[in-house]
Amino acid sequence: MVRQLQRQPHGARSAAQAALAVYLLTFFCFELGSAAEVAAGADAASGSSGGSDVDADCDSPYWFRVRAALSGKGPRSFRLGSDGGPTNFTLARLAAEEHESETASRGDSAGCEVGRFLLSVWRLVRSGAEERAWNLQQSFGKGFYVLPWRPQPDWPIFRALARLRAVALRDAAGTYVARRCERLEANSASAIAAEDELMQALQVGGPIALLSGATAGSRFLLHASPSAACPLAIAAAYWALAGSLLATAGSVAPSAGSGGDKERAVEVEVGHLIRLGEEAAKSWQTQRLPFLDLLVGAWPLWDIASQIEEYYLKPPMQSRRARGRTLKTAPVSAAPALPLRAQGASVADPREPVCPRGPGREALARGLERQRVEVIVVYGRCDRVKILHRYLLRNLRINGGVVDRVHFVVFAAMQEDLEYLQQLVADHGPVYNIPQVTGRRLAKIYSVCEDPDTVYIKIDDDVVFLADEALPNMVRERLRGRCGLVSANVVNHAILSAVHQDVGAIRNFFMPPDDWVAAEENVGSKDWRKPRWLHSDEGLAMGVIMKQAQSQCVWAMWECGAWMHESFLSRLADGTDCAYDFGWHDFHAHGHGNFRGDRFVPLPYTRWSINLIAFKKEDLAEARAADLAEDDEAELSVMVHHRMGRRACAVGHALAVHFSYSRQDDGIMENTDLLARYDALSLELAAAPEVPPRR
């Protein structure tokens, strides 16, 4: 493998590939034996400790249906959730079938420990926090230590464990107290520093964590004493190396005549690394709840294992299995393919950009420590604000963001919406508050703006995604003073959606066939999923997005709104969301409009949606209260700038998502599951810690 790497041009070797050489050196430092012994050990591991034996008792009709349901290949009534796991409806159906099997004394639901454990993990993921905590604190997962920790594409355990870790970390603080994995004083200063570097590298998440974690893991294993280091750190280092080897193997060109030797060598080396990580992690059984300690501890073992698992769920690995070359060790979760730049390619597809990882949240707030920022939420719908609230919490200054206070100004709300808001403010006051307002209708929103030095951010209640850099970058742009109102880079936005189409960010999606029928439609389950739109970038788009504030597409048609969302979610999933970054956009580059007699007529593209804007009190000086009350968007986006001779702008690196215009809303809610998917996305982001404290 190393000789094949050395034969590549120097420019084709990435930092991750260089780490593979360090990885081989690591073997010698840890006295793991010769290459022949490594291969023999991996073969022995794959032949004796699991692989095909792990599901030897899972060949009954019941477990066949379970396996199909968990892989998304079952009947349409067995739907997977947005996190790749079974919905509550699917779990209930499988439980009913198991009960029916037991009642009929067929016995085909007996056995299959791996399947039974996987179902129990997903049940905890879907259960409430109280039930989940009770089970995890009652020796849950004890039988998991008997199973080999190997990638099993038919039974993706690590995907489920990673999801369970995410929801458990989101449970109330103090619910779980994990035992710390101590490092002994025998470790050198360089080993301690390398362990800290490894912990930092693994917090990134996704394929990048495997690559950066491999380099940090190599240094850690080189410097650490195996008898003194935390076993979980050792396991994390080995698994990060395994994942990096899988991620980079595809960019190593096989030499002539090598055939499948390279694939076999990779499988042997990866298998051995996974086994070493498993042995290290299993050695840390220090108290009565070792599974809980692994689940909620600082070392993200299941996140790494899930990443590894997804590589074996991909078609290339599946084809190897078809040839009888199954690696009987740990699988990897459906991580997006490595970008071309990471693979050493010299030319990247302009429509599939490699998105650089931005600075940490601490760096995003740097320089704004003394700038007061207040958010004004135009409130009306609790089902949307439940999503927005998670992003607002993340952006509070007390949580490392830039927002000092959040005002909820009620515009139109039902009783249940008001009750939810009262409880929300009670739980998060005084940072959250319902201010005293003056003025009519929409004008009252802006009566909150009294301090001339504060930057205010007005946000609609149906903003359902907010990138970490959005609010800090909007504040910085407003402080530059070249624009009055500053808009975020909003997806599903009149005007900016046309800009997104112009720069090639929007992918083509099309409605599903008219004859699609959901098998769960008559069941009444809240978890049933509506049909997903079809992605195809071949040919023309569904339509042209007119650069007008109230055009048919996107403002009036729910189909266009759904198209915008499907495109964004697909880019977010594969890490190409920076395609939406247009840099900087001047809403008034062509002027504000013209007069017909005494009547001002704005240009069709000068009015723009004010879903998420930053401004100061001085920007409202020319606003007329009566006009502001009736149509604040027309007054602020066009008329105020015309009177003041100023322009408004949008910041490309401030990505946000607006859920729906009023004319889109009914169609999107009736025909898609988009709101539920944004809700799930916000939960996943809220569950991802920055750098967890060492335990």
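All residue numbers in this chain count up from 1 along the given sequence. Computed from heavy atoms alone, side chains included, the values below leave out hydrogens, waters and symmetry copies. Worth saying up front: this structure is predicted, and the values here are computed from it rather than measured.
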[X] to [Y] - nearest heavy-atom pair and separation:
X: Trp608; Y: Ser487; result: CZ3-CB, 3.7 Å
X: Gln664; Y: Trp555; result: CG-O, 3.7 Å
X: Lys547; Y: Tyr605; result: O-CB, 3.4 Å

Look at the side chain of [X] and the backbone N and O of [Y], then say whether any donor-acceptor pair between them is shorter than 3.5 Å.
X: Ser609; Y: Asn611; value: no
X: Tyr678; Y: Phe659; value: no
X: Arg351; Y: Ile506; value: yes

Side-chain donor-acceptor pair under 3.5 Å between [X] and [Y], yes or no?
X: Thr576; Y: Arg571; result: yes
X: His535; Y: Asn508; result: no
X: His585; Y: Asn489; result: no

Exercise. NE2 of His653 to CD of Glu469: how many Å apart, nearest 0.5 Å?
Worked result: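 It is 4.0 Å, given to the nearest 0.5 Å.
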Exercise. Would you call Arg381 and Glu416 a salt bridge, taking side-chain N to carboxylate O under 4.0 Å as the test?
Worked result: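 Salt bridge between Arg381 and Glu416, a charged N being under 4.0 Å from a carboxylate O: no.
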Problem set entry | salt bridge (Lys or Arg N to Asp or Glu O under 4.0 Å) partners of Asp666, counting only residues at least two apart |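 Per chain and number, Asp666 pairs via salt bridge (Lys or Arg N to Asp or Glu O under 4.0 Å) with no residue.
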Exercise. Think Lys386 forms a cation-pi with Tyr420, using NZ or CZ under 6.0 Å from the six-ring centre and within 45 degrees of its axis?
Worked result: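 Judged by the rule (NZ or CZ under 6.0 Å from the ring centre, within 45° of its axis), Lys386 counts as positioned above Tyr420.
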Exercise. Hey, mind stepping through Arg507 and Glu352 against salt bridge (charged side-chain N to carboxylate O under 4.0 Å, His left out) and telling me if it holds?
Worked result: CA-CA 10 Å; Arg507 289 172 169 166; Glu352 303 298 326; 2.6 Å; yes
